[in-house]
Amino acid sequence: MEEAADQIASKEETISCLQQDLDNALAQVQAEQAAAAAAGAQLQEVQAKLADEGKLEELEGELDNLTRLKAELDDQLANAKAELQAASTKAEAEMEEAADQIASKEETISCLQQDLDNALAQLQAEQATAAATSAQLQEVQAKLPDEGRIVELEEELDNMTRLKAEL
């Protein structure tokens, strides 16, 4: 019996060891399952990141397109600014030229106005001279006998001269 008891004890010890090994194996399986679940979660994260990376690549493509479009718009804006500056410079030059022409014409008008004022003053002086001359002429004409009277006087003078000659 002792032998049987030893065998039973040995078998119980073996069972206990096997039970311990089974518990350890079960714990290891559970740990590996947990690790596998964690790896699965990580895999899902990686897959999500890869999906995001695909979106990221798509977004990067859109960003490249937008960057290219912005560069084109910047070029168009720069061209428009250059054209506007050129038009502004041209308009300023034209305005300066117009201002110079206006100033020149104003100077010409001023000179013509001065010439007109001088001519008017000269005309008024000549009119005054003509009026004075006319007045003098009227005085002289008033002092002169009329032509009919002169003819009469000439005839009388002729008659007297004949009479004198006869006498």
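None of these values were measured; they are calculated from a predicted model.
- Contact annotation: the side chain of E97 never approaches that of D100 to less than 4.5 Å [non-hydrogen atoms, C-beta and beyond].
- You'll find the side chain of S134 reaches within 4.5 Å of the side chain of Q138, heavy atoms only.
- Side-chain contact of E155 with N159: a donor-acceptor pair under 3.5 Å is absent, judged by distance alone.
- No side-chain donor from either of N79 and E83 sits under 3.5 Å from a side-chain acceptor of the other.
- Atom CD of residue E60 and atom CG of residue L66 lie 13.0 Å apart, to the nearest 0.5 angstrom.
- Here the side chain of T89 pairs a donor or acceptor atom with the backbone of Q85 at under 3.5 angstrom.
- A donor-acceptor pair under 3.5 Å is absent between the side-chain atoms of S88 and the main chain of L84, judged by distance alone.
- Residues N118 and Q122 bring no donor and acceptor atom of their side chains to less than 3.5 Å of each other.
- To the nearest 0.5 Å, atom CD of residue Q127 and atom CG of residue L123 are 4.0 Å apart.
- For the atom pair CG of D74 and OG1 of T67, the computed distance is 10.5 Å after rounding to the nearest 0.5 Å.
- Atom CE of M160 sits about 11.0 Å away from atom CG of D158, to the nearest 0.5 Å.
- Note: E126 CD to T133 OG1 = 11.0 Å, rounded to the nearest 0.5 Å.
- Residues L77 and L73 have side chains not in contact (no heavy-atom distance under 4.5 Å, counting atoms from C-beta outward).
- Here CD1 of I102 is found 10.0 Å from CD1 of I109. Values are rounded to the nearest 0.5 Å.
- Sorted by first and then second residue, the salt bridge (charged side-chain N to carboxylate O under 4.0 Å, His left out) pairs involving residues 103-114 (not counting sequence neighbours) form an empty list.
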